[in-house]
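Below: the structure, in structure tokens.
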There are 2 protein chains.
Amino acid sequence: MKKQVKHVTIYDIAEKMKISPATVSRALKDHYSISKETTKAVKKTARNMGYLPNTLASSLRSNKTNTIGVLVSRVNRPFISSLISGIEEVANLEGYNIFISQSLDLEEKEIGNVKAMFSSRVDGLIVSLAMETTKFDHFEIFTDRNIPLVFVDRVPDEIEAEKIVIDNFAAAFEATEHLIEQGCKRIAHFGGAQHINVYHDRKKGYLAALQKHDLPVDEKLITYSNLGKDEGFSMTQQLLELENPPDAIFSANDTAAISAIQFAREKGIHVPNELAVVGFNDDYLASIISPSLTTVAHPAFEMGKIAASHLLEQKDKSDLVASKTTVLKTRFVIRESSVRDHR
Amino acid sequence: MKKQVKHVTIYDIAEKMKISPATVSRALKDHYSISKETTKAVKKTARNMGYLPNTLASSLRSNKTNTIGVLVSRVNRPFISSLISGIEEVANLEGYNIFISQSLDLEEKEIGNVKAMFSSRVDGLIVSLAMETTKFDHFEIFTDRNIPLVFVDRVPDEIEAEKIVIDNFAAAFEATEHLIEQGCKRIAHFGGAQHINVYHDRKKGYLAALQKHDLPVDEKLITYSNLGKDEGFSMTQQLLELENPPDAIFSANDTAAISAIQFAREKGIHVPNELAVVGFNDDYLASIISPSLTTVAHPAFEMGKIAASHLLEQKDKSDLVASKTTVLKTRFVIRESSVRDHR
DNA sequence: TTGTAGGCGTTATCAT
DNA sequence: ATGATAACGCCTACAA
């Protein structure tokens with residue numbers, strides 16, 4: 001039976017030092033009104049006694065948790081984990097911790113998570129929407145109370161709030177135009193759920209590029225899925241079985257694009273000459289696969305940093321914060337999967 | 001100026017219903033002593049008033065946060081993010097949230113994080129050690145108080161606590177022996193920091209396999225690093241420039257192994273015939289790269305699930321928990337990078 | 001410079 | 001079945 005160590009409180013310190021708990025509390029946070037000697041002595045005693053503050057009590061009283069909530073689809077996706085790293089870097093620098101939860105792309109879970117975040121009184125919330133989400137009133141808990149709320153990447157049009165996004169339309173346009181310049185005439189598109197801004201805008205950019213260059217739009221060449229590995233395979237297979245198959249694919253993410261490359265490789269179809277492929281995200285994989293994948297570099301880490309710093313700025317500005325959207329630059333990275341031999 | 005919504009408390013509900021806060025509190029948690037009608041009425045009023053519990057207050061009073069702390073090196077690593085997913089799955093099922101923080105492989109940050117976890121009164125802590133960590137007394141805050149503590153993967157020998165690991169020795173032995181069976185005679189090893197159990201054991205397994213097959217150990221073929229992408233390149237380069245270069249590499253992770261493959265590919269060195277490569281972890285990349293990478297599948301997700309469920313079991317057993325180590329099975333995945341043509 | 005005392009929102013204890 | 005009250009640990013006006 002191990003000895004059970006009790007929690008040391010400011011009262012214990014006060015008692016031992018024959019001073020008041022208030023003085024201890026102030027000394028521990030370097031309150032100006034406490035003398036240097038007292039402060040030093042208190043801190044020393046606290047250390048000796050193994051005192052560690054109870055954040056719960058402190059937060060309850062002060063109405064401040066020094067915690068930022070982060071609500072994402074799932075942490076084990078390259079884009080998301082980089083985003084989180086960016087958030088953490090800034091948060092930590094400012095003395096904040098982060099509280100992460102996953103929606104698993106389910107609306108119901110997202111709603112529960114938002115409530116849980118509120119219940120634990122996070123000082124602000126950063127959200128990238130679940131794939132499934134179509135309603136947004138669960139965020140009113142935060143907006144109604146002017147608790148800082150920042151959306152990242154997958155953002156809702158329907159809410160007035162701070163948003164950090166990339167220009168999906170422009171990036172998709174550039175990517176598609178690049179394929180056209182390579183001489184591709186029948187360009188397919190792997191699209192995501194169209195009620196999500198990012199996938200909607202990417203498709204729009206794709207269509208706009210086709211239109212600009214007077215290429216016809218063939219609905220048979222446009223697919224919708226959640227862009228997973230398996231979907232990538234099956235979509236590629238179906239497209240290549242068409243009587244009039246595509247000569248290029250612009251995929252709304254890298255995962256599906258990579259599956260396309262793998263499928264083509266297995267079938268002996270040359271990438272890029274028979275099938276050019278462009279992805280979106282610039283996952284680490286993109287540079288590793290052979291042929292390497294042309295894609296749109298998504299500044300995930302930076303988005304996280306900006307989201308966190310904007311969130312922390314909101315606190316100060318009280319309630320006159322205009323809803324503001326920050327658009328970050330993407331970078332089009334041309335690699336082997338799209339550059340055709342000169343003919 | 002937006003209307004500022006106030007927080008609704010159980011007092012507000014009690015007042016409106018002309019009952020006591022105690023009854024409200026009980027009704028909201030389905031306490032057996034409260035009548036069905038009252039319970040139903042309270043819940044309805046709570047919903048109408050937009051009541052959301054204050055977790056801080058509840059936790060402070062009940063001494064229970066329903067939160068599991070997770071302390072890892074960094075979230076944006078494939079192994080870690082899968083581990084976290086596993087933890088979250090189990091935690092959520094049992095009504096727990098998780099609180100994540102990153103040590104960035106720095107001991108000092110790990111120490112701070114452990115204190116912060118304690119201060120926020122997590123009900124238990126799951127840890128994968130920072131690369132830098134060599135002392136372990138910062139965990140005594142938890143062990144002294146019998147707060148459940150589980151180490152995963154990178155675990156300390158020096159602490160009596162629950163541990164979840166894989167058999168790194170056996171896995172490394174099997175991997176190395178496989179290379180020997182392929183006819184490799186000079187097998188190099190990319191090792192990690194040797195004070196970390198996993199890297200230490202992997203090296204031991206490697207050495208044991210060489211010894212069993214009467215192959216000499218050449219220290220020049222053994223490197224130590226943090227096994228990053230860049231290190232993988234430079235180590236491969238250095239090894240291949242030796243007057244007597246290796247014909248195989250067993251790397252303690254996939255990242256460095258993949259760099260080795262890429263380096264060889266660039267230099268026109270045939271993998272596996274001129275240089276066979278085996279990695280460790282089975283990151284998603286391993287199956288994508290060409291030639292695909294032979295590696296040891298590390299059950300990250302399952303480790304997370306087991307860590308969480310063992311942690312939650314500890315709560316019940318009060319203080320007679322024996323320190324226990326659970327060893328999970330790995331799976332050796334043979335792919336192209338190690339299978340030589342028959343000669 | 002330091003002390004006193006009330007309160008943050010909830011739950012546990014003891015009563016009715 | 002319900003109510004009154006204290007307590008969790010800390011912070012902060014107000015007082016001294």
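Source: prediction; values computed, not measured. Computed over heavy atoms, backbone and side chain alike; hydrogens, waters and symmetry mates excluded. Letters A, B, ... are given to chains in the order of the sequence lines, protein chains preceding strands, and every chain is numbered from 1.
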**Request:** Just call it for B:Ser25: base, sugar-phosphate, or nothing, with non-hydrogen atoms closer than 4.0 Å on any strand.
**Result:** base
Here the distance between atom P of D:dA1 and atom NZ of B:Lys36, to the nearest Å, is 9 Å
What contact category does A:Ser59 fall into here, base, sugar-phosphate, or nothing, at under 4.0 angstrom with non-hydrogen atoms? nothing
Separation of D:dA1 atom P from B:Met17 atom CE, nearest Å, is 16 Å
A:Arg26 has its side chain closest, among C:dT2, D:dT5, C:dC8, to C:dT2
OP1 or OP2 of C:dT10 versus the side-chain N and O atoms of B:Tyr51: is any pair under 4.0 Å?
yes
Residue pair B:Ala57/B:Ala22 against DNA chain D: nearer the 5' end by closest nucleotide is B:Ala22
To the nearest angstrom, the NE2-P distance between A:His7 and D:dC8 comes to 13 Å
**Message:** Hydrogens and angles aside, do B:Arg77 and B:Ser81 bring a side-chain donor and acceptor to less than 3.5 Å of each other?
**Reply:** no
Whole-Å distance, B:His31 NE2 to C:dT13 P, equals 10 Å
Cationic tip of B:Arg145 within the cone over B:Phe142's six-membered ring, i.e. under 6.0 Å and within 45° of the normal?
-> no
Whichever of B:Tyr11 and A:Tyr11 has the more 5' nearest nucleotide on DNA chain C, that residue is A:Tyr11
Practice problem: Indicate whether OP1 or OP2 belonging to C:dG3 is found under 4.0 Å from a side-chain N or O atom of A:Ser20. | Solution: yes
Is there a side-chain contact between B:Ser35 and the phosphate of D:dT2, meaning an N or O under 4.0 Å from OP1 or OP2?
yes
B:Thr55-B:Ser58 side chain donor-acceptor pair, cut-off 3.5 Å
no
Of A:Asp123, A:Leu93, A:Ile68, the one forming a side-chain contact (heavy atoms from CB on, under 4.5 Å) with A:Leu312 is A:Ile68
key: Check: A:Ser82/A:Ser85 side-chain N/O donor and acceptor closer than 3.5 Å   = no
Residue pair B:Leu60/B:Ile34 against DNA chain D: nearer the 5' end by closest nucleotide is B:Ile34
Between CG of B:Asn54 and P of C:dG7 the distance, given in whole Å, is 18 Å
note: B:Ile10, atom CD1; C:dC8, atom C1'; distance rounded to Å ~ 12 Å
* Is A:Ser33 touching bases, backbone alone, or none of the nucleic acid, heavy atoms closer than 4.0 Å? -> base
Checklist entry - When all nucleic acid strands are considered with a 4.0 Å heavy-atom cut-off, which category describes B:Ile19: base, sugar-phosphate, or nothing? => result sugar-phosphate
When rounded to whole Å, the CD to P distance for the pair B:Glu37 and D:dA1 reads 9 Å
Taking atom CD of B:Glu108 as the centre, report whether more than 12 heavy atoms of other residues, nucleotides or ligands fall under 6.0 Å from it.
no
When rounded to whole Å, the CZ to P distance for the pair B:Arg121 and D:dG9 reads 8 Å
For a quick check of understanding: with a heavy-atom distance under 4.0 Å over all strands, which category does A:Pro53 fall into, base, sugar-phosphate or nothing?
sugar-phosphate
Going by modelled atom types, is there a donor-acceptor pair between the base of C:dC8 and the side chain of A:Arg61 at under 3.5 Å? no
Taking C:dA12, D:dC10, D:dA1 as options, the one with an atom nearest any side-chain atom of B:Ser62 is C:dA12
Ignoring backbone atoms, establish whether B:Ser58 has a side-chain N or O less than 4.0 Å from OP1 or OP2 of C:dG9. no
